[in-house]
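To start, the structure under review is shown below, and the notes come after it.
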There are 2 protein chains.
Amino acid sequence: MLKEKIHQPGSNLVFYSLTPPKATTQPEQVKIIAGKQIERLQGLPIDGLLLYDIQDESTRTEKERTFAFQSTITPEEYSKNYLASLQVPKVIYKSIGNLDKEQFTTWLQANQHIGYAVFVGASSHQQVEATNFSLQDAYDLRNQYAKSLVLGGVTIPERHTKKGDEHQRIFNKINKGCSFFISQCVYSLNDTKNLLSDYYYAGLDNDKMLSPIIFTLAPCGSLKTLQFMEWLGIEVPKWLYNDLKHSKDILSSSIETCKNIAIEILNYTQAKNIPIGFNIESISIKKEEIEAANELLKDVLQLAKSTGTSAGSLDLAKHTDKLQMIS
Amino acid sequence: MLKEKIHQPGSNLVFYSLTPPKATTQPEQVKIIAGKQIERLQGLPIDGLLLYDIQDESTRTEKERTFAFQSTITPEEYSKNYLASLQVPKVIYKSIGNLDKEQFTTWLQANQHIGYAVFVGASSHQQVEATNFSLQDAYDLRNQYAKSLVLGGVTIPERHTKKGDEHQRIFNKINKGCSFFISQCVYSLNDTKNLLSDYYYAGLDNDKMLSPIIFTLAPCGSLKTLQFMEWLGIEVPKWLYNDLKHSKDILSSSIETCKNIAIEILNYTQAKNIPIGFNIESISIKKEEIEAANELLKDVLQLAKSTGTSAGSLDLAKHTDKLQMIS
């Protein structure tokens, strides 16, 4: 059971994530899309499938959105009506930004069959003021009406570099009932390690258990996707941006990059026994990027699942190994 | 000859650097200090010895200096009178911040025996205004009066992250006659790679030759030294700061860190044929830190000199190697 695995040391959870098809898609077409997705994931030892709830975030930034916003089938509906035959736990994202207290309570009560969920807060302060309903309120309502719902939280390493308190946000969310965390797509190892470090030492200093942080990795197949990543607020270090931009094959370069990020995160966290995991997604809906995400998923499954139990050994091995190789 | 090696592809220069003893030290004592330094370096295949010219930088920052400022014997005097028996090229630092045009011209003419020098600009704008003499003026005077003096420049990767134009400053200094660059002590791999990347791609785009950048590495033996590094403006990533602070043996942790930084810089630059090198220094004058710097010097010599000719092979080897090791 995913619920137990979340708390198991060294389980190195691996998720895959999808955005449901556009709301205007004909049911027959949705079935075909879902069939393909099921086929790709069937048989892979993933721990869960995340289903995103995409909202129009135009109030978050004044920059133009690279790919136009289009509303989708809700993840709970897509999961129930189209993905039931895929035997993996589904984690349902729920954006609460456009809801008020009553609407959210209704949603909670209508969706008691859901086992796992991640609530996503408003993308701007204006939105919170408009609805008078915050993420904290959503957590309170879940504690009141849906205690058995296993809750994940969102975490953003880039925010830690700007504000320095992302680890405290995580601990606050743990207090509110979250038992695992999913990051925004990460390309900045420095931001990621800074967050992990402060999270780790704050846990040590205050004798607190750490909940796993699942880091999202996504291949990038074109300059347009790279621009969209910027729009989403994903930090790509300048040197990496330059390399991807100049790469003759940006997609395979980005897969290599994502694998290296996974390896570095594993090296860093295993030495400290910090519980982590990975979530693979495709940012765009282009066929090549989806296939690349699938390839990356298989590689990351191998990396994460084979190192899950040998905590602490990788870091040292890596360094001695490199030194020996060079000298 | 160092002069030729600077332009030789793959030569991976390795320097060691020293600050001369305090000006108030008795000549007999200076001889003893110099004797020990010569003994430590004698026989090591270093390409040069950098001799710093320390200035009171109190106008640069309002923060209190961790280690009190004390003026030293000038590097040119220390080199000539005490280190003549050490058969390595000496690179003389010369701070021009407190000088005017006339004083600097006099210095240049009185020191025609110097083969290699690095001019260091004023540490604040106030200083430049006070003397009406800038680094650009110093370069012009060298071109006028000391054309045969081989000139190095200072570069600061952290400044690149703030201003984004450090690679242009390097190219400007190359135009003014600099043929190699020495960085401030680096602990931030991200800043370092960002600078290298922009330098590399600007060189490619404008069909310009790259001059080597020598990256300074320095062990850190105590929290006090770590604080002094902060005062100097050296960026230490938060995760690394946390690890060093919590380390049971901060000195040996920092040596490992410096070695890993050297390896990562070698991996990154060899794949692109960017000319680089290393300079090892001890930030404090504590015996343990000086010994640690010496140990690091030997390790870095081995790393840099054994990989100097196999450009491009390390990066790939590293990744496949790690993947194989893990899977």
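Proteins get letters first, then strands, A, B, ... in listed order; numbering begins at 1 in each.
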Does A:W239 form a side-chain contact (heavy atoms from CB on, under 4.5 Å) with B:Y268? I'd like the steps, not just the answer. CA-CA 10 Å; A:W239 63 267; B:Y268 181 75; 3.8 Å; yes
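Residues of residues 201-219 of chain A having a heavy atom under 4.5 Å from any heavy atom of chain B, listed by number: A:Y201, A:D205. Listed in order of number, the residues of residues 185-198 of chain B that approach chain A to under 4.5 Å between heavy atoms are B:N190, B:K193, B:N194, B:S197, B:D198.
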